[in-house]
Amino acid sequence: MKNYRTPFLLVLIANIVLIAALASFWWRSHHSVTNVSAPAPAPAPPQEMTNPTAAPRSVATPLSPIQLSPERLQSIGVKFGVVELKHLNDTIRTTGTVAIDERRVSYVQTRISGHIEKVFADATYQYVKKGQPLFTLHSPELITAEREYLLARQNAQNLSQSSIPGVASGVSSLLDSSRERLAQWDIPPQEITRLETTGRVEDTLTIQSPVSGFITERTALPNMMVQLDTRLYTIADLSTVWVLAQIFQNDLGRIKAGSPATLTVDSYPGRVFRGRVDFIYPDVDLTTRTARARLVFQNSQLTLSPGMFVNVSVNVNMGTQLVIPLSGLLQSGTRQIVFVDLGSGYLEPREVQLGPQTNDGYIVLKGLKQGERIVTSANFLIDSESQLQAAIGSYVPPPPGAGGAAAMNSPAPQAAAQIEFSTQPSTPHKGTNLYRVKLPASDGSLLTGAQISVRSYMPAMQEMGMAAMNVVTPLAEKGSGIYESQVTLEGGGSWKISVTATKNGITLATKQLSLLVEGGM
């Protein structure tokens with residue numbers, strides 16, 4: 001056995017070394033193939049490129065003061081209003097439902113047990129008057145009490161002159177006790193008077209209505225057993241009714257208890273009911289975001305019925321406030337802009353902070369003073385002019401390219417030039433038009449060999465969903481110092497034109513003007 005142990009160990013060690021070598025060779029080859037076949041990961045694109053659905057950031061359109069001639073103001077229909085200090089009364093209009101005044105609801109119950117024999121008020125929503133018979137009640141307990149009262153009354157009469165000490169006073173006390181028990185059972189005084197007058201006990205007691213109104217609930221039926229806690233009738237007095245109006249939560253800060261209110265209903269056209277706000281419920285409906293306001297209205301003629309749908313107007317006293325006309329506001333994105341008249345046709349765009357809208361206009365919280373004049377018509381056109389002025393004021397013609405350095409050594413231009421700009425047709429329209437430029441020098445000659453660039457710009461109108469339009473048109477020389485080219489204008493309105501003339505990299509002249517283009521947007 002010893003002779004075989006040594007060779008066996010040698011063979012085992014050789015096999016282990018061979019297996020390890022094969023494993024190392026396989027791992028290196030696989031790792032090499034993987035590294036060659038797998039391409040290097042591309043650099044991650046910028047975050048802005050990987051999120052194309054992200055909403056663009058809102059950038060406020062710059063505005064610039066402008067000055068317009070009286071003719072221009074008249075041609076575009078500009079009107080002005082004044083910032084005034086007014087005592088404001090606003091109106092909140094909403095809808096509501098007529099309801100029963102809970103403070104005018106009465107229940108009919110008895111304080112003695114028995115059973116009903118006859119029912120006189122036998123229909124729901126039957127109108128009953130105060131003191132009108134409702135039903136008759138037979139009560140053995142009441143009959144016994146009345147007999148005891150008559151007996152006590154007779155004994156009091158017989159023993160009132162008794163000479164025995166304490167007898168007269170005891171009989172009188174017993175009579176008072178019997179009468180007090182009848183009163184505690186709510187027996188009508190006229191029934192007690194009848195009992196004393198006739199000296200006869202009736203088998204039934206007539207129960208009368210305690211109030212005037214409509215029967216909204218009835219459980220009283222003939223031969224019905226009545227206990228002390230049995231509710232037999234519910235009677236509602238509709239001479240005064242509630243109206244439950246829906247008030248949006250934005251108006252809750254303005255409405256107060258005691259505010260006057262009016263009501264109209266389609267059933268009575270032309271008729272106005274007057275009432276007041278009585279209470280505002282302290283909860284808001286999660287679905288409609290409205291709160292209930294309880295209004296009280298007189299209804300002596302019973303024209304308003306519970307459940308009726310009505311139109312409600314609540315008058316709100318807002319005190320003395322600084323106000324601008326409704327047409328004076330230009331809502332520009334998230335900004336509130338007005339154009340202030342500074343005189344001589346000079347209009348300044350000003351961002352303001354406004355409060356709620358009322359019947360007389362917008363309440364001014366910040367940005368304006370009493371007596372200032374603001375634009376109240378043609379606001380969109382003024383806004384367009386202001387944006388154009390801001391855009392052109394910040395526009396700088398691009399510097400010359402590589403020829404700029406050479407232009408420093410080039411000879412000066414032949415003469416200073418002026419720009420004469422015209423269009424064909426003379427009043428341009430939406431679509432294709434012809435731009436024409438002449439370059440007369442100071443000596444009257446026309447300059448040739450110049451490069452003419454015309455930039456046509458109209459700013460964005462976010463309120464109308466229109467993006468900004470910017471068209472740069474190079475003009476070709478047609479000979480004799482005349483430069484022309486066709487341009488396509490995508491919309492009508494007021495365009496700002498900027499003309500630049502250069503020669504040998506040197507700017508000869510620039511000109512800026514407004515161009516009114518016919519046609520719709």
Notebook entry, point to check: Sequence neighbours excluded, which residues qualify as salt bridge (Lys or Arg N to Asp or Glu O under 4.0 Å) partners of Arg436?
Noted result: Glu484
Notebook entry, point to check: What pairs meet the ring-ring contact (aromatic ring centres under 6.0 Å, His included) rule with one or both residues in residues 236-269, with sequence neighbours excluded?
Noted result: none
Check: Mind checking whether Thr234 and Ser106 have side chains closer than 4.5 Å, heavy atoms only?
Finding: no
Check: Which residues satisfy the salt bridge (Lys or Arg N to Asp or Glu O under 4.0 Å) test with Arg274, sequence neighbours excluded?
Finding: none
Margin query: Contact between Val296 and Val277 at the side-chain level, heavy atoms closer than 4.5 Å - yes or no?
Written below: no
Margin query: According to side chain to side chain contact (heavy atoms under 4.5 Å, CB included), who are the partners of Ser480, at least two apart in sequence or on a separate chain?
Written below: none
Counting only pairs under 3.5 Å, give me each side-chain donor-acceptor contact of residues 252-264, with atom names and distances, residues two or more places apart or in other chains.
from, atom 1, to, atom 2, distance (Å)
Arg254, NH1, Asp90, OD2, 2.1
Arg254, NH2, Asp90, OD2, 3.4
Arg254, NH2, Asp251, OD1, 2.8
Ser259, OG, Lys256, O, 2.8

Next item on the list: State, without any angle test, whether Tyr435 and Ser456 hold a side-chain donor-acceptor pair at a distance under 3.5 Å.
Entry: yes
Check: side chain to side chain contact (heavy atoms under 4.5 Å, CB included) with Thr97: which residues, sequence neighbours excluded?
Finding: none
Note to self: As a test of understanding, state which of Val437, Leu439, Thr448 forms a side-chain contact (heavy atoms from CB on, under 4.5 Å) with Glu477.
What the structure shows: Thr448
Checklist line | Qualifying side chain to side chain donor-acceptor pair (under 3.5 Å) pairs with a residue from residues 283-293, counting only residues at least two apart or across chains | finding: Gln246-Thr290, Asp285-Thr288, Thr288-Thr290
Checklist line | Listed once per pair and sorted, the salt bridge (charged side-chain N to carboxylate O under 4.0 Å, His left out) pairs that draw on residues 75-84, sequence neighbours left out | finding: Glu84-Lys86
Notebook entry, point to check: Looking at residues at least two apart in the chain, or sitting in another chain, which of them share a salt bridge (Lys or Arg N to Asp or Glu O under 4.0 Å) with Glu348?
Noted result: Arg350
Notebook entry, point to check: Going from CG on Leu489 to CD on Glu518, what distance comes out if it is rounded to the nearest 0.5 angstrom?
Noted result: 12.0 Å
Item checked: Set of residues satisfying salt bridge (Lys or Arg N to Asp or Glu O under 4.0 Å) with respect to Asp237, sequence neighbours excluded -> Arg104
Next item on the list: Return yes if a side-chain donor-acceptor contact under 3.5 Å exists between Asn470 and Arg455, otherwise no.
Entry: yes
Note to self: Could you work out, with side chain to side chain contact (heavy atoms under 4.5 Å, CB included) as the rule, every residue matching Pro356, not counting sequence neighbours?
What the structure shows: Met318, Ile363
Check: What distance do Gln208 atom CD and Phe120 atom CZ have between them, rounded to the nearest 0.5 Å?
Finding: 10.5 Å
Item checked: Main-chain N/O of Val82 paired with Glu372 side-chain donor or acceptor, under 3.5 Å -> no
Next item on the list: To the nearest 0.5 angstrom, please state how far the CG atom of Leu238 sits from the CD1 atom of Ile235.
Entry: 11.5 Å
Margin query: Please enumerate all residues that pass side chain to side chain contact (heavy atoms under 4.5 Å, CB included) together with Lys129, with sequence neighbours excluded.
Written below: Tyr127, Gln132, Ser212
